[in-house]
**Q** 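Pasting a structure here, questions to come.
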Amino acid sequence: MRAKLKVVSVVGTAGVASLLAGFLTGPGKQATILTFLSVGQGDCAVFRSQGTTVLIDAGPANEYSDAGARLIAPKLRKMGITRIDLAILSHPDSDHIGGLPALSKRFRIGKVAISGAFRDKPEIKKLISDCRLSASQVMWTSGTQIAKLGSYKLMVYTPPNYAESDNDGSVVFRITDGIASCLFTGDLSSVAEDSMIGKNLSWNSQILKLSHHGSRFSTDDSWLNAVKPEYAVVSVGRNNTYGHPSTDVLRRLNLHQVAILRTDFQGDLKFIRTQKGFSLEDENQR
């Protein structure tokens with residue numbers, strides 16, 4: 001028997017009510033796994049549950065290297081993934097969306113979710129063309145969409161304002177089943193993060209993927225108090241020229257007693273759903 005990922009509630013523009021709906025899933029006995037892929041200076045994570053694969057950002061690509069072809073595709077194949085049911089793209093920066101065209105040539109993609117605020121961005125128009133995505137495959141998000149995948153609630157929150165920068169328009173994605181939980185915030189600044197506090201939405205999460213690769217302009221004390229993470233994942237390139245992650249952010253994480261995990265030092269970070277929620281694989285060996 002096959003189950004469906006269904007929308008259970010939508011807050012926001014009525015036209016996006018079909019977001020996340022209609023993905024066929026495989027056997028329900030498969031383990032739920034969340035993996036943060038080491039892709040250099042960029043973001044890419046994979047959430048797999050009940051045979052459904054959700055990709056959160058797609059890694060970097062430029063004229064010299066394409067993480068989609070060189071790193072992500074081989075890793076997905078090694079995981080046994082043949083289809084990406086949903087790709088959630090936080091914002092138009094090339095280090096978050098650059099690898100998707102290469103992936104689209106190697107895997108079938110069901111849907112791609114992008115903030116409606118970026119609909120007219122040249123980078124997004126080019127991406128849709130390069131990936132040969134049909135209009136029905138692209139879901140333009142706004143407001144808050146909530147869907148169910150088995151016991152998991154998947155929430156996509158789209159910030160209402162992005163005038164200052166594309167970073168602060170980053171789509172926020174939260175996964176939870178009531179025990180295991182993870183929060184993705186793209187490249188939001190502290191100003192944008194703090195604006196979400198008190199919106200009658202829960203941000204408390206076991207795992208926090210740090211905004212903007214650990215930039216000093218993100219992840220302040222008030223945000224950490226709201227999220228209360230056990231783990232902070234820094235998706236970052238080794239010896240990057242930006243100074244990520246910031247020593248200020250690392251200091252704040254230490255003061256809040258958050259375990260810091262870095263893809264530049266530790267490579268791929270694989271979490272498996274256990275009775276305690278998401279548990280880092282081979283944690284005692286790290």
Side-chain angles (χ1 to χ4, degrees), residues 1-6 20-40 42-61 65-90 96-113 131-133 137 147-154 173 175-177 179-182 184 206-207 209 231 233 235 261 263 266-283 285-286:
M1 182 175 179
R2 299 168 72 84
K4 284 187 177 182
L5 176 59
K6 296 180 179 179
L20 302 176
F23 299 115
L24 293 177
T25 67
K29 294 183 179 180
Q30 293 180 342
T32 294
I33 298 173
L34 173 63
T35 308
F36 296 85
L37 300 182
S38 178
V39 294
D43 273 17
C44 184
V46 184
F47 175 67
R48 292 176 288 155
S49 184
Q50 299 191 52
T52 295
T53 297
V54 179
L55 187 78
I56 306 98
D57 282 330
S65 179
D66 187 328
R70 186 171 62 88
L71 297 174
I72 301 171
K75 292 179 181 186
L76 296 185
R77 290 195 188 99
K78 189 174 181 179
M79 294 178 192
I81 293 172
T82 58
R83 170 187 166 94
I84 298 168
D85 296 286
L86 173 67
I88 297 175
L89 304 179
S90 61
H96 291 253
I97 67 172
L100 195 66
L103 293 176
S104 72
K105 294 176 174 63
R106 294 161 173 82
F107 301 89
R108 183 181 175 191
I109 295 179
K111 303 279 186 179
V112 176
C131 294
R132 297 183 179 180
L133 298 173
Q137 286 178 281
K148 291 283 287 182
L149 173 57
S151 61
Y152 288 88
K153 181 170 76 171
L154 312 181
F173 180 55
I175 304 163
T176 185
D177 67 354
I179 300 175
S181 54
C182 182
F184 299 83
Q206 243 191 324
I207 306 169
K209 201 290 296 178
Y231 300 99
V233 172
S235 186
L261 303 172
T263 58
Q266 293 156 285
D268 296 346
L269 299 165
K270 181 179 179 181
F271 289 86
I272 299 174
R273 174 59 164 88
T274 69
Q275 292 182 345
K276 297 180 180 179
F278 282 124
S279 294
L280 184 64
E281 184 181 58
D282 300 327
E283 185 169 13
Q285 299 177 23
R286 291 180 181 272

**Q** Can you find a pair of side-chain heavy atoms, one from F36 and one from I207, that are under 4.5 Å apart?
**A** yes

**Q** Run the ring-ring contact (aromatic ring centres under 6.0 Å, His included) test against F47 and tell me which residues pass, sequence neighbours left out.
**A** Y152

**Q** Just how far is it from atom CG of L55 to atom CG of L37, taken to the nearest 0.5 Å?
**A** 8.0 Å

**Q** Do the side chains of S104 and R132 get nearer than 4.5 Å, heavy atoms only?
**A** no

**Q** Checking S49 against T32: is there a side-chain donor and acceptor pair closer than 3.5 Å?
**A** yes

**Q** Taking atom NZ of K209 and atom CG of L261, what is their separation to the nearest 0.5 Å?
**A** 13.5 Å

**Q** Mind checking whether F173 and V54 have side chains closer than 4.5 Å, heavy atoms only?
**A** yes

**Q** Are any non-hydrogen side-chain atoms of V112 and L89 less than 4.5 angstrom apart?
**A** yes

**Q** Is there a donor-acceptor pair under 3.5 Å between the side chain of S235 and the backbone N or O of G42?
**A** yes

**Q** Between D268 and S38, is any pair of side-chain heavy atoms under 4.5 Å apart?
**A** yes

**Q** For residues L269 and T263, determine if any side-chain heavy atom of one lies less than 4.5 Å from a side-chain heavy atom of the other.
**A** yes

**Q** Rounded to the nearest 0.5 Å, how far apart are CD1 of I84 and CG of L103?
**A** 5.0 Å

**Q** Under the 3.5 angstrom rule, does the side chain of Q206 hit a backbone N or O of F278 as a donor-acceptor pair?
**A** yes

**Q** Taking the side chain as everything from C-beta on, heavy atoms only, tell me whether R48 gets closer than 4.5 Å to T35.
**A** yes

**Q** Please test L76 against V46 for side-chain contact (heavy atoms from CB on, under 4.5 Å), starting from the C-alpha separation and ending with a verdict.
**A** CA-CA 9 Å; L76 296 185; V46 184; 3.7 Å; yes

**Q** If the condition is salt bridge (Lys or Arg N to Asp or Glu O under 4.0 Å), which residues does D57 pass it with, not counting sequence neighbours?
**A** none

**Q** Within a strict 4.5 Å, meaning less than it, do heavy atoms of the L86 and L154 side chains meet?
**A** no

**Q** What distance separates T52 OG1 from R83 CZ, expressed to the nearest 0.5 Å?
**A** 8.5 Å

